[in-house]
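To start, the structure itself, in structure tokens.
FYI, the numbering just counts along the sequence from 1.
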Amino acid sequence: MAEQEEEQNPNAIAKLEIPTGRVKKIMKLDKDISKVSSEALFLIASSTELFLQFLADKSAHVAMEKKKRTVRVEHLRAAVKRHRPTSDFLLDSLPVPPQPSTSNPPKERAKMRLEKKSVPFATRSIEAFFQKFT
């Protein structure tokens with residue numbers, strides 16, 4: 001009964017998924033902000049939730065277009081690129097996905113990774129131990 005009254009009452013306080021204490025700490029990282037009102041905190045937390053929901057929806061849509069079941073960074077980047085106001089400030093902050101090189105097959109890439117690993121001083125790698133001496 002009380003739940004129905006809350007749904008019908010437009011002045012009821014909405015529950016936020018984002019912890020407002022953490023939002024307040026992030027806001028106070030700015031040296032110009034000394035105090036944060038509860039109304040401002042609620043508005044910023046609400047708008048952050050809406051923005052994240054928007055990004056999640058658009059990223060999921062891109063993933064579904066590419067017939068993938070998991071949303072990856074590539075899908076998020078594509079969603080951000082499609083939405084101009086978001087891409088203006090967010091695209092530079094997203095990591096660039098590594099481009100798969102077609103010249104190196106996976107076995108060669110694994111060998112290159114092993115070669116790049118440095119060994120501690122006065123030791124040798126296991127490959128050097130098993131090399132034939134001529």
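For CZ of Arg82, the number of neighbouring non-hydrogen atoms (other residues, nucleotides, ligands) closer than 6.0 Å is greater than 12. Heavy atoms of other residues, nucleotides or ligands lying less than 6.0 angstrom from CD of Glu17 number 12 at most.
Phe54 and Leu90 are not part of a single hydrophobic cluster, where members link through side-chain heavy atoms under 4.5 Å apart. By the rule that hydrophobic residues join a cluster once side-chain heavy atoms approach within less than 4.5 Å of another member, Val62 and Leu94 end up as members of separate clusters. Hydrophobic cluster membership differs between Val71 and Leu52, with clusters built from Ile, Leu, Val, Met, Phe, Trp and Tyr side chains linked at under 4.5 angstrom. Hydrophobic clustering (ILVMFWY, side-chain heavy atoms < 4.5 Å, transitive): Leu50 and Leu55 are in distinct clusters. Follow the hydrophobic side-chain contacts under 4.5 Å out from Val23 and you reach Ile33 in the same cluster.
Looking at Ser87, its side chain does come within 3.5 Å of a backbone N or O of Arg84 through a donor-acceptor pair.
Expressed to the nearest 0.5 Å, how far CD of Glu39 lies from CG of Leu41 amounts to 9.5 Å. Here the CG-NZ distance, from Leu91 to Lys81, works out to 6.0 Å after rounding to the nearest 0.5 Å.
With a 4.5 Å cut-off on side-chain heavy atoms, His75 and Lys68 count as touching.
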- Walk me through it: do Leu16 and Phe42 pass the test side chain to side chain contact (heavy atoms under 4.5 Å, CB included)? CA-CA 8 Å; Leu16 295 174; Phe42 177 76; 3.7 Å; yes
- After noting the C-alpha distance and the side-chain angles of Gln53 and Asp57, does the key distance pass the side chain to side chain contact (heavy atoms under 4.5 Å, CB included) rule? CA-CA 6 Å; Gln53 183 65 41; Asp57 289 343; 3.0 Å; yes
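Pairing each heavy atom of Glu49 with each of Ile18, the nearest pair is OE2-N, 2.8 Å.
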